[in-house]
Amino acid sequence: MRRLGVSVYPNKSSLEEDKRYLSLAAKYGFKRIFTNLISIDDNSLGKFKEIINYGRSLGMEVIADVSPEVFKSLGIYYSDLKFFKDMNLTGIRLDLGFTGNEESIMSFNPYGIKIEINMSSNVKHLENIMAYAPNKDNIIGCHNFYPHRYTGLSRKHFIKTSKEFKKYGLRTAAFISSPNATFGPWPINEGLPTLEEHRYLPIETQAKDLFNTDLIDDVIIANCYASEEELRALGGMDKDILTLEVDLIEELPQLERKIILEEVHENRGDISEYLIRSTQSRVKYKDYDFKLINPRDIKKGDILIDSSSYGNYAGELQIALKPMKNSGRTSVVGRIVDEEVFLLDHIRPWQKFKLEFSI
């Protein structure tokens, strides 16, 4: 099951605002909370406990960032995680790990506390942990977030490290960033995404991209506070099938509109470098006379439906992956919204997807 999460930083905010935010997130179906214990001290301990208990009362998991220094400063030994159990945490995220054997020992804790491994660093550390035969049911992974622009992960590195975690069948998570949020755990506030290319994208587009990789199970908003509109949009999105937003031309006939918005599309397995092809509509409506509409030249991201003058191709829906000359037999009926055109490059052979009208 794919899930959504939010983050709170009680030492940077008020309990009232954090509780209001968590209540909104729970209302829209969010199931995870991330928080940061790396800067915890005796003065803030009570505040953290209160917000953790509140999140758990809403039915949400709470996982907190820790490091070996946190263990040292709080007098915690890695073989005894009772402190975290008493804080009512679901799990702890090891921003900086130990040697591998310690993580393995922690995974057998009697409280069922999840041990979350940093996915963004060298995967050799994960191999070390696995070499010590951990309890895999209690090992999960989560990427970093990056507050400084241009420091976020490249897609290539992100895919590589995520695949290593999925190879072991581990649950995974990554962060997205709200453009409406104003703070995170650190003083720098230039967004908090995992992937650098997400830094200035709409939040829903970021989430779509992460889920569409098929490598990330949980998507977490890293900064505070996302707007209610953003929470509502994320909570209402289909997390299991990529749904792209589209703009359509005016006065589009009803059947063409139905083909675009009401069908579940499937990219053909014999893929083209020029087009994503969804061919079932040409079979389903083979007896319909598809008139030629708006036969201009084609740009990447254009939505196309072949007219009846294209013979057997009449009614086929296509999405352009490259600029092309229009033969004069293809209708240009709409476009993928600009922010989501890049997602077309990541639609796989036989992948299912939907199109929805941009509001």
Side-chain angles (χ1 to χ4, degrees), residues 1-9 21-22 24-36 55 58-65 90-91 93 114 116-120 140-147 152-155 157-159 161-163 165-166 170-181 184-185 191-245 339-340 342-343 346-347 351 353-354:
M1 179 185 295
R2 291 172 170 177
R3 304 179 303 178
L4 294 163
V6 292
S7 305
V8 288
Y9 306 105
Y21 186 52
L22 294 183
L24 271 180
K27 173 183 174 181
Y28 293 114
F30 285 65
K31 298 297 183 184
R32 272 193 63 163
I33 300 167
F34 170 82
T35 193
N36 180 5
L58 295 171
M60 302 171 81
E61 295 183 358
V62 186
I63 296 178
D65 222 11
T90 310
R93 179 182 184 274
K114 304 295 184 186
E116 190 167 71
I117 310 303
N118 184 344
M119 291 174 62
S120 297
I140 57 178
C142 181
H143 277 285
N144 279 344
F145 50 63
Y146 297 89
L153 296 185
S154 69
R155 184 175 291 266
H157 181 77
F158 170 84
I159 295 295
T161 58
S162 299
K163 281 183 175 179
F165 275 74
K166 276 301 175 189
L170 303 180
R171 188 165 192 89
T172 58
F175 291 98
I176 56 177
S177 180
S178 165
N180 291 296
L192 277 182
T194 291
L195 275 170
E196 183 58 38
E197 65 187 88
H198 284 174
R199 193 170 299 274
Y200 300 112
L201 288 176
I203 196 170
E204 194 175 357
T205 302
Q206 299 172 54
K208 288 178 185 181
D209 188 22
L210 290 181
F211 283 134
N212 189 54
T213 65
D214 258 355
L215 296 171
I216 298 299
D217 301 301
D218 296 343
V219 169
I220 307 164
I221 304 171
N223 48 359
C224 295
Y225 298 103
S227 68
E228 182 170 0
E229 182 181 355
E230 289 174 322
L231 296 177
R232 185 188 302 112
L234 289 169
M237 72 181 288
D238 192 328
K239 296 183 284 295
D240 297 315
I241 184 169
L242 178 63
T243 304
L244 300 170
E245 290 192 26
E339 297 86 353
E340 297 191 352
F342 81 98
L343 293 172
H346 307 297
I347 293 180
Q351 182 177 339
F353 64 95
K354 294 179 181 178

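Throughout, numbering of the chain's residues begins at 1 and tracks the sequence.
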Keeping the roles fixed (side chain from [X], backbone from [Y]), state whether a donor-acceptor pair exists under 3.5 Å.
X    : Y    : result
T35  : Y9   : no
E228 : L24  : no
E340 : E245 : yes

### Task
Assess the side chains of E339 and T205: does a donor N or O sit below 3.5 Å from an acceptor N or O?
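Absent: no donor and acceptor within the cut-off.
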### Message
Test side chain to side chain contact (heavy atoms under 4.5 Å, CB included) on L343 and F353; report intermediate values, then the result.
### Response
CA-CA 11 Å; L343 293 172; F353 64 95; over 6 Å; no
So do [Y] and [X] actually touch side chain to side chain, heavy atoms under 4.5 Å?
X    : Y    : value
L4   : Y28  : no
S120 : Y146 : yes
L210 : H198 : yes
L170 : I117 : no
F158 : T213 : yes
D209 : I176 : no
F175 : L192 : no

### Query
Less than 4.0 Å between a side-chain N and a carboxylate O, is that true for R171 and E61?
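No, no charged N to carboxylate O under 4.0 Å.
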### side chain to side chain contact (heavy atoms under 4.5 Å, CB included) partner of H143, the single match among N118, I216, T172
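With H143 as partner, N118, I216, T172 yield a single side chain to side chain contact (heavy atoms under 4.5 Å, CB included), made by I216.
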### Query
Step by step, would you call L58 with F30 a side chain to side chain contact (heavy atoms under 4.5 Å, CB included)?
CA-CA 10 Å; L58 295 171; F30 285 65; over 6 Å; no
### Query
Stepwise, does the salt bridge (charged side-chain N to carboxylate O under 4.0 Å, His left out) test hold for R2 with D238?
CA-CA 10 Å; R2 291 172 170 177; D238 192 328; over 6 Å; no
Return the [atom1] to [atom2] distance between [X] and [Y], rounded to the nearest 0.5 Å.
X    : Y    : atom1 : atom2 : result
D218 : I63  : CG    : CD1   : 7.5 Å
L242 : K354 : CG    : NZ    : 11.0 Å
E229 : E204 : CD    : CD    : 10.0 Å
I221 : E230 : CD1   : CD    : 6.5 Å
I220 : F145 : CD1   : CZ    : 9.5 Å

### Query
Is there a side chain to side chain contact (heavy atoms under 4.5 Å, CB included) between Q351 and N212 once you walk through the steps?
CA-CA 10 Å; Q351 182 177 339; N212 189 54; 2.6 Å; yes
Please find the pair of heavy atoms, one from [X] and one from [Y], that lie closest to each other, and give the distance.
X    : Y    : result
M119 : A173 : SD-O, 3.9 Å
M237 : L234 : CG-O, 3.0 Å
I33  : G55  : CD1-CA, 3.6 Å
N223 : G191 : ND2-CA, 4.4 Å
A226 : S178 : CA-OG, 3.6 Å
R93  : C142 : NH2-O, 3.2 Å

### Criterion side chain to side chain contact (heavy atoms under 4.5 Å, CB included) on R199 and S177, from CA distance to verdict
CA-CA 7 Å; R199 193 170 299 274; S177 180; 6.0 Å; no
### Message
Checking salt bridge (Lys or Arg N to Asp or Glu O under 4.0 Å) between D217 and each of R3, K239, K166, which is the one that passes?
### Response
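Going through the options one by one, the only one that passes is K166.
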